[in-house]
Structures are given as structure tokens and as C-alpha cells.
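Here is the structure we will look at.
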Amino acid sequence: MYFSLRTMDNLDWSAVRALFPTLRNWVHLNTAAFGPMPSTAVQAMNEHFESRDQTASMGFLSWFDRLDVIRAKIARLIGAKQSDIGFCPNAGTALSWFLHGVDWRSGDEILALDHEFPNNQYAPLMLDSKGVRFRALPGPRTRFDPELILDALGPRTRLVVISAVNYSNGLRAPLEDLAPELRRRGVLLCVDGTQSAGVLRHDVEQTPADFLVVHGYKWMLGPAGAGFFYAPPETRAWLLPSVVSWRSHWNWRDFERLHHGRPELPDEAAMYEGGVQAFSLLFALEASLDLILECGRDAIERRSLGLARECREILLRQGGVGNLDPDHPCDSPIVTASFPDLDAAALRGKLERRRVAVAARQGNLRVSLDFFNNRDDLQRLASALAA
Ligand SMILES: Cc1ncc(COP(=O)(O)O)c(C=O)c1O
């Protein structure tokens with residue numbers, strides 16, 4: 001990073017905020033919908049287009065090399081290896097790659113929650129043509145215990161699909177308990193980390209998923225169209241690629257003498273991602289990722305959760321009814337509340353007119369607290385709600 005965000009050992013949060021042009025005009029409490037992008041990300045994208053003009057794209061192979069550097073940075077963020085990381089245009093696409101690479105047997109079952117993000121229901125439901133059953137358990141509203149899933153596993157349950165953080169009520173899945181236990185019982189786990197990666201620590205060593213998908217336009221603060229997935233060696237050993245391209249042969253970098261005939265797949269997650277990648281978007285994602293890594297996973301999580309706790313108090317003081325268990329610590333950067341006699345969507349619209357960006361989901365006001373937010377944002381939310 002070519003500017004300083006630190007004074008001595010402390011992060012200068014106002015310097016962090018200054019990187020986001022959106023924050024000049026908005027109280028941005030809506031990362032769960034779309035995160036703001038730092039100016040460094042837009043700059044990285046522009047620099048890529050300039051380099052196409054300047055070099056006639058003669059060195060395009062180096063752009064693929066840079067993708068490997070970005071894979072390594074993502075791997076650092078989630079405790080994985082560079083070869084476990086692939087890119088995808090969005091979370092739904094990567095989930096479909098995974099689902100369509102499994103050798104389903106008629107009668108196999110997929111388990112999810114009934115309030116899951118639609119991606120994680122629609123795609124499994126569409127496997128009925130292969131005889132795969134989909135079962136949606138009543139989603140928890142206040143606290144999420146691992147037994148909810150573990151006690152529901154049946155003899156044919158082959159896969160659990162779950163969001164690390166639920167998009168509509170902010171509840172966190174107990175992945176630390178769930179993931180190792182599912183592995184022990186031989187049930188596959190596919191995690192959607194779109195609402196958590198970038199803000200909450202996510203470590204695949206502790207939460208061993210068989211597949212993880214993340215779209216980077218929310219908490220990763222990247223552009224839409226830049227996403228990634230994690231496919232560890234155990235998954236790559238059996239998961240067939242649904243997208244096959246000129247990069248499916250291990251020696252694709254030798255592009256002046258491309259291999260003809262059946263490809264020999266390279267043993268890396270990139271084998272699932274298809275051909276030429278969205279370089280500009282991924283280079284922008286890299287700049288956002290650099291910022292996240294520079295601020296640090298722990299500092300980001302601490303700051304976001306601290307603000308979330310304060311936000312929860314504000315919503316309750318303003319008459320909101322929180323759906324979070326009062327005996328359970330607030331551990332999510334997404335805080336939701338309903339307001340009796342008030343339509344959440346109408347309230348969201350009123351806040352928007354005051355330049356306070358939040359969301360309404362399933363009858364709740366949804367407020368997202370990210371590391372670039374501050375107490376002033378919360379004050380402005382409180383005043384807007386009071387008004
Ligand atoms: C949990 C979750 N996954 C994925 C997405 C976005 O899906 P996609 O990347 O397929 O557009 C969202 C958007 O709100 C989400 O909340």
C-alpha cells in the first residue's frame with residue numbers, strides 16, 4: 001500500500017474513511033447490499049485499461065500471474081493455500097459449478113434453512129431432475145445452535161448448504177462446531193461467505209468447508225462481478241469441472257503451442273474457473289483486499305462488531321424490536337430490527353432521503369456495520385430515525 005494508514009501502531013480510521021468517496025455524501029450502513037469501493041480499487045481498474053492501451057496487451061500472461069498473487073492474498077485472508085482459490089463472476093455461478101460437479105445418486109438429500117438466500121435454495125431445488133431431495137429446515141430467528149442441523153441429518157443427507165451470515169437477520173452459522181462435525185460424519189458442506197468474508201475472520205482450518213463461495217461486491221468492497229471460491233485438495237480429488245476451456249489443460253500458459261486433444265486437468269482450483277478472466281474487476285478487488293489486509297482481520301472484526309453492538313442499542317431505543325437473543329452476545333455486523341406499525345421498506349425510503357443508506361429485508365430494517373463506519377454514522381442514523 002503506497003500511503004500510510006497508521007500513526008505509530010494505531011490505524012488511522014479517518015484516513016481509511018478518506019479512501020471511500022461514497023462517504024462524503026452518504027451515511028453508508030448498507031455493506032450487506034453493496035459495499036462502497038475505495039478509490040484505490042477504481043484506480044487499479046483504470047490502470048489496467050491504460051496498460052492495455054500502452055502495451056497492446058502483449059504481456060497478457062503477466063495478468064494471469066497477477067491473478068495468482070491475488071489468489072495468495074485471498075488465501076491469506078481465509079487461511080487457505082493459493083492453489084485452493086479460484087475466481088467466479090458471482091456466488092450463484094460458483095455454487096452451480098459445485099452442485100453440478102457432484103456425482104449425485106437418486107435419493108441423495110441436500111439440507112438448508114428456509115430463510116437462506118435464494119441462491120442456496122433455488123440451485124439445490126433444481127437438482128430434483130437428478131432425484132436429489134431438498135429439505136429446508138425452519139431457520140432460527142434468535143440464536144443458531146449447531147444441533148439444529150446436526151439433529152436433522154438423515155441417512156441420505158449428502159450436503160449442507162449454508163450462509164456463514166444470514167442475509168436477512170444477520171444470524172451467524174455456528175460453523176466452528178458444525179463444519180468439523182459434518183466432516184466427521186461424511187456430510188459435505190458448502191458455505192456461502194458472501195455476507196462474512198472481508199469483515200469477519202473466516203478460517204478454513206477451523207471451519208473445514210468442502211466448498212466456499214464469496215461474491216466480492218459486499219464486505220470485500222470490490223466491484224460486482226469479482227468473486228472467488230475455495231476448493232481444497234480433498235474436493236478437487238472428486239469434483240468434476242462443469243466449465244471446460246482452453247485453460248483446462250495444465251500447460252495452458254504455453255499459449256503459442258496450445259495442447260490439442262483431451263485436457264489433462266491441473267490440480268488447482270483455477271481448473272474450475274474457465275478461460276480469460278475479468279482482469280480489471282479482479283485487480284480492483286485486489287486493491288480492496290490490500291486495504292482489508294492492511295487494516296487487519298482482527299481489527300476489522302473488532303471494530304465492526306463494536307459498532308454493531310452500539311447500533312443494536314440505538315435501534316432498540318428508537319422503538320425497534322430486535323430479533324437477536326438478548327442473552328446471546330451480538331456477534332454479527334448485520335443488525336436487524338422491526339418497528340411495530342411501521343413498514344420497513346417505507347422507513348428505509350425515508351432514511352434514504354436523508355442520505356442514510358440501509359436496507360429492508362423480510363419486514364426488518366437491516367443495518368450493516370463495516371470497519372469504515374464510525375460513531376458519527378450511528379449518531380446520524382439515530383437522528384434520522386428519531387425524525
Ligand atoms: C448470502 C448471499 N450470497 C450471495 C449473494 C449474491 O449472490 P450472487 O453473487 O449470485 O449475485 C447475496 C446477496 O445478497 C447474499 O446475501
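Each ligand, and each atom within it, is numbered from 1 in the order the structure gives. Start at 1 with the first residue, then count along the sequence.
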Below 4.0 Å from ligand 1: does a non-hydrogen atom of E116 turn up there or not?
no

for atom 14 (O) of ligand 1, nearest protein heavy atom and its distance come out as K218 NZ, 2.7 Å

Got a sec, which residues hit side chain to side chain donor-acceptor pair (under 3.5 Å) with S304, two or more places apart in sequence or on another chain?
none

Quick check: Q195 and ligand 1, any N/O pair under 3.5 Å apart?
yes

I need the nearest protein heavy-atom contact for atom 2 (C) of ligand 1: residue, atom name and distance, please.
D192 OD2, 3.5 Å

Give a yes or no on whether the ring-centroid distance for F279 and F64 is below 6.0 angstrom.
yes

Between K73 and D68, is there a side-chain N and carboxylate O pair less than 4.0 Å apart?
no

For A91, is at least one N or O under 3.5 Å away from an N or O on ligand 1?
yes

Cationic tip of R361 above Y167 ring, under 6.0 Å, 45° of axis
no

Atom 5 (C) of ligand 1: closest protein heavy atom, distance to 0.1 Å, is F117 CE2, 3.3 Å

Count the heavy atoms belonging to other residues, nucleotides or ligands that lie under 6.0 Å from CH2 of W104, then report whether that count exceeds 12.
yes

I need the nearest protein heavy-atom contact for atom 10 (O) of ligand 1: residue, atom name and distance, please.
G92 N, 2.8 Å

Heavy-atom contacts with S163 under 4.0 Å: which atoms of ligand 1 show up? List them by number with element.
1 (C)

Nearest to atom 7 (O) of ligand 1 by heavy atom, T194, V191, N119: which?
N119

